[in-house]
Each structure stands twice: as structure tokens, then as C-alpha cells.
There are 2 protein chains.
Amino acid sequence: MVMHMTKPSIDRRVARTRATLHQTLMSLILKQGYEAITIRDICDAANVGRSTFYAHYTSKEDLMRSGIENLRQVLLDRQRDALATPGDRSHRSLGFSLTLFEHARDHIDLHRGLVGGGTVALGIIRQILSDVVRDEIAATGDKKSSDAIPRELVVQYVVGAYMAVLTWWLDRGAKPPPTEVDRMFRRLATDGVLPHLAEGGSP
Amino acid sequence: MVMHMTKPSIDRRVARTRATLHQTLMSLILKQGYEAITIRDICDAANVGRSTFYAHYTSKEDLMRSGIENLRQVLLDRQRDALATPGDRSHRSLGFSLTLFEHARDHIDLHRGLVGGGTVALGIIRQILSDVVRDEIAATGDKKSSDAIPRELVVQYVVGAYMAVLTWWLDRGAKPPPTEVDRMFRRLATDGVLPHLAEGGSP
DNA sequence: GCACAATTGGACAAGGTGTACGTTAATGGG
DNA sequence: CCCATTAACGTACACCTTGTCCAATTGTGC
């Protein structure tokens, strides 16, 4: 109801400060790694008073968290749009995959910073992805786990595998186009890994 | 059985100190989480002088690293034994899975500490697991990736998925027996996740 | 233009880090 | 059993980061 809460004409200074801090954090992560960064480093590199930092965030983790929360909205919106569109992508299982790869391609530096963003970032991203996948599973089919595999285990399995593929892709400069790496991930997830391990097929 | 190579009469004091530090680190991880631990905390809890700590390790990460390297040997030995035995486990794809689940069951606190051991521990474990899986893939079959999926991507996919399942299992107290969670992981990996998403099978 | 909010820079205490060194105590070879 | 060796101790030190406070300055929005 009260839409005026988040944006009742935000002071340009705070917007500028926060944006600068986010950008600086990401670039510093790429330069020296997340753990090695101090709040001093961020403020120095961003030309922002240290007092100002504490006026906006309580810690390095808080800054990182805030940056990721922005991302969450973007992803949820994109997924909502994709689900609303009766196109080919909506009713495809693992539909989140291509959407995410495309978003990563459009913001490579951001995503590279995120996957290198230490325990905090990876934990939050895992959380966000888990929510997305859980929703998608619930929407795609209401069949309960056929045998005895808990649904949450399937979610964690998919998320873990996906984040590994995403990291692999980003670490190699995101060379293959999103459509291709998406196809590879989907194949591994749906057909299983056996065809890519041994010729034998099913023993 | 007494490997005289690596231990040409190690002073009992250093053995005791190092073991105590490792144990203390693990217990502290379970209590307050890896990131929140200071070297002071470790020394106080272990009743070890802070100077002594620096006589053995250079940092918290160094201590963690050293503990994991011990684990690497244990795992490699176990895998070597498993491969040498012509039993049912050796020529099964993803054969590392059950071995690891069993080892985790036998050292639950250790493994819980490791998966909660921050970026350092997770990175090293991922490295170790990648090596194991890579070797296993190379040994299981020498078929090159059928279509266009790089072998290293398959490795990362499997490792990411496995670590997610292992974490899920440990976080729930490792209730299901290793054989069962191993069966679930193998099913997801070989049959794919589709049977557990929707009834439709292949669209 | 003016009131107000944001930013700044400095100062401060508290606490962690690494290193150095003299002292104490345990170890293991002779 | 004794003693040289070596580890462990603890204290002290300089350095850095953190988080908080405040007065002064600068930029915004109305």
C-alpha cells in the first residue's frame, strides 16, 4: 500500500554513495578477493568517508547482503515475467536456468563478484536459488516424490549442481553463449551424468 | 603399520598441541561458526599459548588447511582400497559416493565442522572431491564427451550436486543411513531429476 | 534562498594480529 | 638416571581494524 516507503524521492547523495560502495566492493572482490577486503579499503577506493559507510551499512557483510537483495528482486521479476508468458520457456522444467545464465551474461562482473563473495554471498545466493527452484518444482507438477527422495533434497541437488555449473562458466569468462551452457546443464540434469561417464549406459 | 617415514619420532608435545588445536577449532566451529573465531579464542579454549600457535601455524586458515590435508590422505587411501577390491563398489559409477557418506557418518563432527568451515574449507574440499571424481571418470570409461559437454563441466556438476546432498544430509543429523542417501544421490545423478519434478517424463 | 539532511574528517577506546625474547618445563638420547 | 635439547609459556610491543561520537562543511529538495 505505502509505496512511498522505499522511494519517496531518494536523496541523490545517498543513491550515489550506495551505488559507489556497491561498485567498489565488487571491483575489490575481483582484485583481492572478498576475505582480504577491509572497510577501510572500500572507503578509500570509493572516496567515501568511513563515517558515511557506517551511516548506511553496519559491516562488509551488510553491504554485500544489500547488493544481493537488489539482485533477488531482479530475478524474481524476470521469473514472474517468464512464467506469465506462454512462450516456450515457461512450462519447461528447470526453466530458471536460461534466465539466470542470461542475467549473468548481462552482468558478468557483478556475478563474478558474487560467486567470489565468500560464505555470505554464496549462502544468500543459494537461498534465493533454492526458493526459485522450490517454487518451480511446486508449479511444474504436483507429483509427490515417487519413491523416497525428499523434495528438499532434490531442490538442494539441483541448486548445488547449478551453482557449480554457473561458477565453472563464469571462471572461464562465460565463453559459451547462455543458450549453450543452459542446454548442457539441462541435459546433465534430465538425462543424468551416466552418458558422459561411460559408454555402458545402464549396467 | 607405523609409518616411520613421515614420523621420525615426533615430539609428543607437538603432536599433542597440534591435535588439541585441531579438535578445538572443530568444536568452536560448531559452537560459534568459522568466521567468528579468533586465534585468541582457539588458544584460550585449547589452553595453548598464543606464541605456541604461531610456532605451528601462520593463521586460522592454515590450521584449517592442515586439518583437511589429513583428511585428503584418509579419503585417497579409502578410495584406493575400494578400487583395488573387486567388490561391487569398485566398478560402479559414482563409486566415491558411498565411501564418502560412510566416512562422514564415522566422523560426523569433523565433517560438520568442515562444511561449516568457511570459504577455505569448502574450497579445499571441492578441490579434493574434484580430483577424486576426475580420476574416477577417467578410470570408469575412456569415452570422450559424446556431444559437446566438457569433461571438467561434468566433474564440477557432480561435485557441486554431491556437496549439496552431503550438506543437506549433515544438516539433518545424518539420519538416513549412508546407503540410503547414497542411493538417492546416485538415482538423481543417473536417472536425472525429471522423474522427481513432474509426471510428464520427457516433454 | 533556506532549512535540513548527508558527508566529512578527526579522535577515541577496544580488541585482534604478528613478532620477539627470556623463562620454565617436558622430552628423549646417552 | 641425567642433561642437553627443544617445545611451550607469557609478557610486552607496535601496528592495524573496528565501531562510535561529534563538530564543521557541503549538497539537496522544497
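Throughout, protein chains are lettered first and strands after them, A, B, ... in sequence-line order, and every chain is numbered starting at 1.
Remark: C1' of D:dT17 and CD of A:Glu35 are 16 Å apart, rounded to the nearest angstrom. Atom CZ of A:Phe53 and atom C1' of C:dG9 are 17 Å apart (whole Å). The CZ atom of B:Arg16 sits 15 Å away from the P atom of C:dA25 (whole-angstrom rounding). With rounding to whole Å, A:Arg40 atom CZ is found 15 Å from C:dT8 atom P. A straight line from CG of B:Asp41 to P of C:dG15 spans 12 Å, rounded to a whole angstrom. In this structure, the CD1 atom of A:Ile42 is 16 Å from the P atom of C:dT7, given to the nearest Å. Regarding A:Ile10, its CD1 atom lies at a distance of 16 Å from the C1' atom of D:dG27, rounded to whole Å. The nearest whole Å value for the distance from the CD1 atom in B:Ile39 to the C1' atom in C:dT19 is 13 Å.
Using a 4.0 Å heavy-atom cutoff across all strands shown, B:Ser59 reaches no nucleic acid atom at all. Counting non-hydrogen atoms under 4.0 angstrom, B:Asn47 reaches the backbone sugars and phosphates but no base.
A:Arg78 places none of its side-chain heavy atoms less than 4.5 Å from the side chain of A:Phe96.
A cation-pi arrangement is present between A:Lys60 and A:Tyr34, with the terminal nitrogen or guanidinium carbon under 6.0 Å from the aromatic centre and inside a 45° cone about the axis.
Look at B:His56 and you'll find a side-chain N or O under 4.0 angstrom from OP1 or OP2 of D:dA8. Dashed line: the shortest gap from a side-chain N or O of B:Ser51 to OP1 or OP2 of D:dA8 is not under 4.0 Å. Note on B:Arg12: every side-chain N or O is 4.0 Å or more away from OP1 and OP2 of C:dA26. Phosphate contact (OP1/OP2 of D:dG19, side-chain N/O of A:Tyr54, threshold under 4.0 Å): present.
Both B:Thr38 and A:Asp11 sit near DNA chain C, but only A:Asp11 has its closest nucleotide nearer the 5' end.
In this structure, CG in A:Asp44 is found 11.5 Å from CD1 in A:Ile39, a value given to the nearest 0.5 Å.
Counting atom types as modelled, A:Arg50 pairs a side-chain N or O with a base atom of D:dG19 as donor and acceptor under 3.5 Å. In this model, a side-chain donor or acceptor of B:Arg13 finds a partner on the base of D:dT6 within 3.5 Å.
Residues forming a side-chain contact (heavy atoms from CB on, under 4.5 Å) with B:His56 (at least two apart in sequence, or on another chain): B:Val14, B:Thr17, B:Arg18, B:Thr52.
Note: B:Phe101 and B:Tyr162 meet the aromatic proximity criterion, with ring centroids under 6.0 Å apart.
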